[in-house]
Protein chains: 2
Amino acid sequence: MKLTTKGRYAVMAMVDLATCVDDKPVALSDIADRQEISQSYLEQLFAKLRRCGLLDSVRGPGGGYMLSRPAAEIRISDIILAADEPLKATRCHTGSPQGCIGNRGRCLTHDLWEELSQQVHLYLSSVTLDDVVNKRIIGTAGRFNAQPAAPSIETPQAATLVGGSVAERV
Amino acid sequence: MKLTTKGRYAVMAMVDLATCVDDKPVALSDIADRQEISQSYLEQLFAKLRRCGLLDSVRGPGGGYMLSRPAAEIRISDIILAADEPLKATRCHTGSPQGCIGNRGRCLTHDLWEELSQQVHLYLSSVTLDDVVNKRIIGTAGRFNAQPAAPSIETPQAATLVGGSVAERV
DNA sequence: AATTTCTTGACTTTTTTACTGGGTTTCTCT
DNA sequence: AGAGAAACCCAGTAAAAAAGTCAAGAAATT
């Protein structure tokens with residue numbers, strides 16, 4: 001999963017849309033204004049989101065965009081995957097043709113990235129648009145302080161799991 | 001925390017170094033060869049890692065680099081933070097001066113990114129170099145299935161990957 | 001018919017990454 | 001002492017990706 005500002009913009013815009021509870025479509029220009037994103041840029045993003053079935057659009061005067069389903073049924077990961085689209089196969093690094101099963105410790109790191117990717121995805125799919133709108137993001141920030149990994153390694157999963165809002169986190 | 005290929009390279013090189021268990025320093029050129037990374041590029045990375053105290057260096061013939069402490073005491077997050085350095089304050093988006101406490105739902109997303117960043121950091125600081133070398137990366141992939149945040153949504157399949165090229169300051 | 005709005009594609013700018021090359025310093029070995 | 005092997009340092013650059021812009025067009029409502 002790729003995390004860029006593009007994905008963030010997409011989420012911001014979707015959150016904006018989700019706060020407009022009316023059944024009326026919302027004009028792109030309104031969202032662009034509120035979120036301070038260039039309208040043309042948003043157009044590109046919304047085109048993708050629409051193609052992925054996250055948005056419905058209405059043309060003509062009074063038209064605009066609206067969520068295709070309730071905010072509680074849209075995961076943040078859905079949005080980011082749609083916006084950052086290029087679901088390229090996981091290649092280990094820049095793009096060496098021979099893949100990553102080389103000699104030495106070359107892709108010992110493979111599993112690590114794979115797992116990290118899972119972690120991120122799991123987290124983002126545990127949060128819905130509705131969670132964000134209703135500030136239901138719970139913070140682990142203070143609970144665990146970045147634990148020294150040092151001498152005795154405590155179970156890695158300790159770090160990863162905390163009950164989440166709707167689903168579990170990670 | 002930023003996740004880029006630069007950080008990945010740094011981790012790969014550190015893993016490589018960690019597999020050379022000897023007390024002898026390892027020449028940069030060897031690592032560059034094995035990991036197929038340009039030597040000069042690695043120099044830059046290693047300079048940062050050294051400045052952050054993760055590496056010790058020995059000059060002159062027979063010199064090279066060595067881990068400054070046991071692999072079990074070096075967290076992956078240490079490496080990535082060192083390599084991707086610019087620990088700029090988490091600004092919500094591109095850089096609007098007014099920060100992110102705007103009107104409307106603007107930075108409802110703030111907490112989300114903040115929390116995601118924590119998640120990633122927590123995970124990466126739960127894994128040590130030694131864990132990677134000894135393939136002690138545990139997979140959550142199957143264990144928890146990403147709980148549908150909503151009634152019926154297909155399971156989020158394979159999170160594609162960590163940063164294509166440019167990734168995110170999560 | 002006219003206006004509002006989405007839709008599309010190509011295009012430009014900016015930023016970042018990845019890499020190169022030159023030169024200097026520090027060390028070891030002969 | 002001198003030669004050479006390595007780390008160091010700096011500045012620049014080519015390419016790629018991301019971020020943003022522009023302009024023409026199509027649908028629907030008024």
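These values consider heavy atoms only, across backbone and side chains, with no hydrogens, waters or symmetry-generated copies. Within every chain, numbering begins at 1; the chains are lettered A, B, ... in the order of the sequence lines, protein sequences first and strands thereafter.
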Only pairs at least two apart or in different chains count here, so list each ring pair (Phe, Tyr, Trp, His ring centres under 6.0 Å) that has a residue in residues 19-40 of chain A. none
Examine the side chains of A:Q118 and A:E114 and answer whether a donor and an acceptor come within less than 3.5 Å of each other. no
Specify the separation, in whole Å, of atom CG of A:L49 and atom P of C:dT7. 12 Å
In whole angstroms, the gap separating C1' of C:dC19 from OH of B:Y9 amounts to 10 Å
Could you pick out which residue, B:A27 or A:G7, lies toward the 5' side of DNA chain D when each is mapped onto its nearest nucleotide? B:A27
Any ring pair (Phe, Tyr, Trp, His ring centres under 6.0 Å) pairs touching residues 48-77 of chain A, not counting sequence neighbours? A:F46-A:Y65
According to side-chain contact (heavy atoms from CB on, under 4.5 Å), who are the partners of B:D30, at least two apart in sequence or on a separate chain? B:V26, B:A27, B:R34
With sequence neighbours left out, the residues meeting side-chain contact (heavy atoms from CB on, under 4.5 Å) with A:Q39 are A:L28, A:S29, A:A32, A:E43
Please check the phosphate of D:dA6 (OP1 and OP2 only) for any side-chain N or O of B:Y65 closer than 4.0 Å. no
Figure out the CD/C1' separation between B:E36 and C:dC19, and round it to whole Å. 15 Å
Roughly how many Å is it from CG in A:D30 to C1' in C:dT4, rounded to a whole number? 12 Å
Spacing between A:I31 atom CD1 and C:dC6 atom P, to the nearest angstrom: 8 Å
side-chain contact (heavy atoms from CB on, under 4.5 Å) partners of B:R69, counting only residues at least two apart: B:L54, B:E73, B:I74, B:D78
Below 4.0 Å: OP1/OP2 of C:dT8 and any side-chain N or O of A:R50: yes
Would you name the heavy atoms of B:I80 and B:L3 that are closest together and state the gap between them? CD1-CD2, 4.2 Å
Rounded to whole angstroms, how far apart are NZ on B:K6 and P on C:dT15? 16 Å
Atom-pair distance (CG on B:L45; P on D:dC9), nearest Å: 15 Å
Heavy atoms under 4.0 Å is the rule here; annotate nucleotides 21-30 of chain D 5' to 3' with B where the base is hit, S where only the sugar-phosphate is, and - elsewhere. BB---BSBB-
When you measure from the side-chain N and O atoms of B:S57 to the phosphate of D:dA6, is any distance below 4.0 Å, counting only OP1 and OP2? no
Rounded interatomic separation in angstrom, taking CG from B:L28 and P from C:dT20: 14 Å
